[in-house]
**Q** 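Here you go, one structure.
Computed from a predicted model, the values in this text were never measured in an experiment. Residue numbers start from 1 in every chain, and the chains themselves are labelled A, B, ... in the order their sequence lines are given, proteins ahead of strands.
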Number of protein chains: 2
Amino acid sequence: MAKTNKNIDTEGQILDAAKNVFQKKGMDGARMQEIANEAGINKAMLHYYYRSKQLLFEAVFSNAFSLLAPQLNKILNDDSSIEDKVKNFTHNYISFITKHPYLPNFIIQELNRNPKFFEKIQQNTAFPTLEKFKNQVTAEVEKGILKPIDGEQLFINIISLNIFPFIATPLIKGFLKIDDKGFKQLMEQRKTAVSEFIINSIKK
Amino acid sequence: MAKTNKNIDTEGQILDAAKNVFQKKGMDGARMQEIANEAGINKAMLHYYYRSKQLLFEAVFSNAFSLLAPQLNKILNDDSSIEDKVKNFTHNYISFITKHPYLPNFIIQELNRNPKFFEKIQQNTAFPTLEKFKNQVTAEVEKGILKPIDGEQLFINIISLNIFPFIATPLIKGFLKIDDKGFKQLMEQRKTAVSEFIINSIKK
DNA sequence: TTATGGTTTAACCATTTGGTTAACAAAAGT
DNA sequence: ACTTTTGTTAACCAAATGGTTAAACCATAA
């Protein structure tokens, strides 16, 4: 950062515009010209600041990923009980994604396109691990707080229930015959419906 | 079909090749030349049989969708109890997708790219509706078989738990630090783990 | 004031890409 | 046999696209 000349924050404007375009259209569907238009600047600036489409994309991607990672940390590395974690995570995550609706699909899509991205990310960002969560589930099962369940499966279940509707939004809208407003209401309900559903299943 | 000339089934070969390429790379990432190579024929043939990339893509898409729709019918329009439906669907769906791993991501991704596709599909394919399932849930709740739960939310939960891991495969592999083999094992476990998880939550 | 160096732009370039064409080959029809 | 129709190919084309360049711009330090 700390640019010297007339520019105030062109680099940031570019990143913002790139975020919008890449998240909507993906790496392959995005056009450098469209990003430039969205940022209101000359296309050459994109290359001046980010060298190539690939590098600009990676900047956007790790930026997006580092937004999402802390969300997962709340369920993986927090000291409350599993029940509280589930309640908090579900509530927080759905609120969070409602503000960033393109994020989960963007990340998952581009991770599918190039699974090696994951390794790149693991090195750069502080990356949450599953160990603590698994141990905690085992412990709470042994204590008789939870019914017997595998920690890994429970983790997958929790993120499936929370993330999937935001990835499959058009599918859900289609099946349920609802519009944007109806979808938002449904997700609002899910803040409690999902955590109840999970707790019902695992609590003894 | 029933082509008259020397060709045996070029049209089918093209569709197969297109399926592979489109499902791996998406509409934007796919190249007509790559499809032609995969099919082992001249690129002009793609246009001879399907006119344009868009039309070829739509052929692949509705083909894929009509594979997936009957799977959903098993949970939406079947006469068994909700409990049996959940058990059967979970088991069948995971088996089915293990054989077609790219399918769910392909459909969801392209539906996100162009939500209007959904309307097109609804006209062409026999399209499962949610009404029966919702009524059945309401009925079983009233009878005291199930704990109170909204039918729409339950439906979303069921498909989330079943579909999500196959869409977010690289993410899950990364978090759980497992390879292909480990992932398959985990999905095999899910055939029972998921239905138990759901039944535990909803059965009175 | 003027030299300096980062910033910005319009024009340009090479390559890729979806799509077309014209000629040719193989059947099918007569 | 030969004509017509259908299938197949190589060569070609125009548009789009990521990227480059050289000149202009402009804030600031000397």
**Q** Quiz question: going by heavy-atom distance under 3.5 Å, is there a donor-acceptor pair between the base of D/dG19 and the side chain of A/K53?
**A**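 No, no donor-acceptor pair under 3.5 Å.
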**Q** Return the nearest nucleotide to the side chain of A/S52; candidates are D/dG19, C/dG19, D/dG7.
**A**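 The listed nucleotide nearest to A/S52's side chain is D/dG19.
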**Q** Hey, is NZ on B/K203 packed in by over 12 heavy atoms from elsewhere, all under 6.0 Å?
**A**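 No, not enclosed.
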**Q** Scan A/M32 against the nucleic acid and name what it touches under 4.0 Å (heavy atoms): base, sugar-phosphate only, or nothing.
**A**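 Result for A/M32 = sugar-phosphate.
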**Q** If you check the B/A44 side chain, which of C/dA10, D/dT9, C/dG19 turns out closest?
**A**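 When the side chain of B/A44 is considered, D/dT9 is the closest of C/dA10, D/dT9, C/dG19.
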**Q** How long is the line joining CG of B/N37 and P of D/dA10, in whole Å?
**A**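 Taking CG of B/N37 and P of D/dA10, I get 12 Å after rounding.
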**Q** Rounded to whole angstrom units, what separation is found between the NE2 atom of B/H47 and the P atom of C/dG18?
**A**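 Roughly 8 Å, once rounded to whole Å.
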**Q** If only side-chain N and O atoms of B/T10 are considered, is one of them under 4.0 Å from the OP1 or OP2 phosphate oxygen of D/dG7?
**A**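 No.
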**Q** In whole angstrom, give the distance that lies between atom CD of B/Q13 and atom C1' of D/dT8.
**A**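 Taking CD of B/Q13 and C1' of D/dT8, I get 13 Å after rounding.
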**Q** When you get a sec, tell me which of C/dG6, D/dT8, D/dG18 is the closest nucleotide to the side chain of A/Y48?
**A**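 Among C/dG6, D/dT8, D/dG18, the one nearest the side chain of A/Y48 is C/dG6.
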**Q** May I ask you to verify if any side-chain N or O of A/R51 is less than 4.0 angstrom from the OP1 or OP2 atom of D/dG19?
**A**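 Result: no.
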**Q** Once you round it to whole Å, what is the distance between C1' of C/dG6 and CD of A/E11?
**A**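 In whole Å, C/dG6 C1' lies 13 Å from A/E11 CD.
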**Q** Output the single nucleotide from D/dG7, D/dT9, C/dT8 whose closest atom is nearest the side chain of B/Y49.
**A**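 Side chain of B/Y49 sits closest to D/dG7.
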**Q** To the nearest Å, give me how far apart CD (B/Q54) and C1' (C/dG18) are.
**A**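 Rounding to the nearest Å, CD of B/Q54 and C1' of C/dG18 are 12 Å apart.
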**Q** Base, sugar-phosphate alone, or nothing: which one does A/A36 contact when heavy atoms must sit under 4.0 Å apart?
**A**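 Counting heavy atoms under 4.0 Å across all strands, no contact is made by A/A36.
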**Q** Would the distance check show the side chain of B/N162 and the main-chain N or O of B/I158 forming a donor-acceptor pair, the cut-off being under 3.5 Å?
**A**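 Here the side-chain-to-backbone pair exists.
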**Q** Could you check A/N42 against A/R31 and say which one's nearest nucleotide on DNA chain D is further toward the 5' end?
**A**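 Nearest-nucleotide comparison on DNA chain D picks A/R31.
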**Q** B/F118 and B/F127: aromatic ring centres closer than 6.0 Å?
**A**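 So the answer is yes for these two rings.
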**Q** A quick test of your reading: do over 12 heavy atoms of other residues, nucleotides or ligands sit less than 6.0 Å from NZ of A/K132?
**A**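 Above 12, so yes.
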**Q** When the distance from CD1 of A/I35 to C1' of D/dT17 is rounded to whole Å, what number comes out?
**A**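 Rounded to the whole Å, the gap is 12 Å.
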**Q** Can you tell me if B/D179 has over 12 outside heavy atoms packed within less than 6.0 Å of its CG?
**A**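 Correct, the count exceeds 12.
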**Q** Taking NZ from B/K43 and P from C/dT21, how many angstroms apart are they, rounded to a whole number?
**A**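 The distance from NZ of B/K43 to P of C/dT21 comes to 13 Å, rounded to the nearest Å.
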**Q** Using whole Å, what does the distance between atom C1' of nucleotide D/dG18 and atom CE of A/M27 come to?
**A**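 So the two atoms are 10 Å apart, to the nearest Å.
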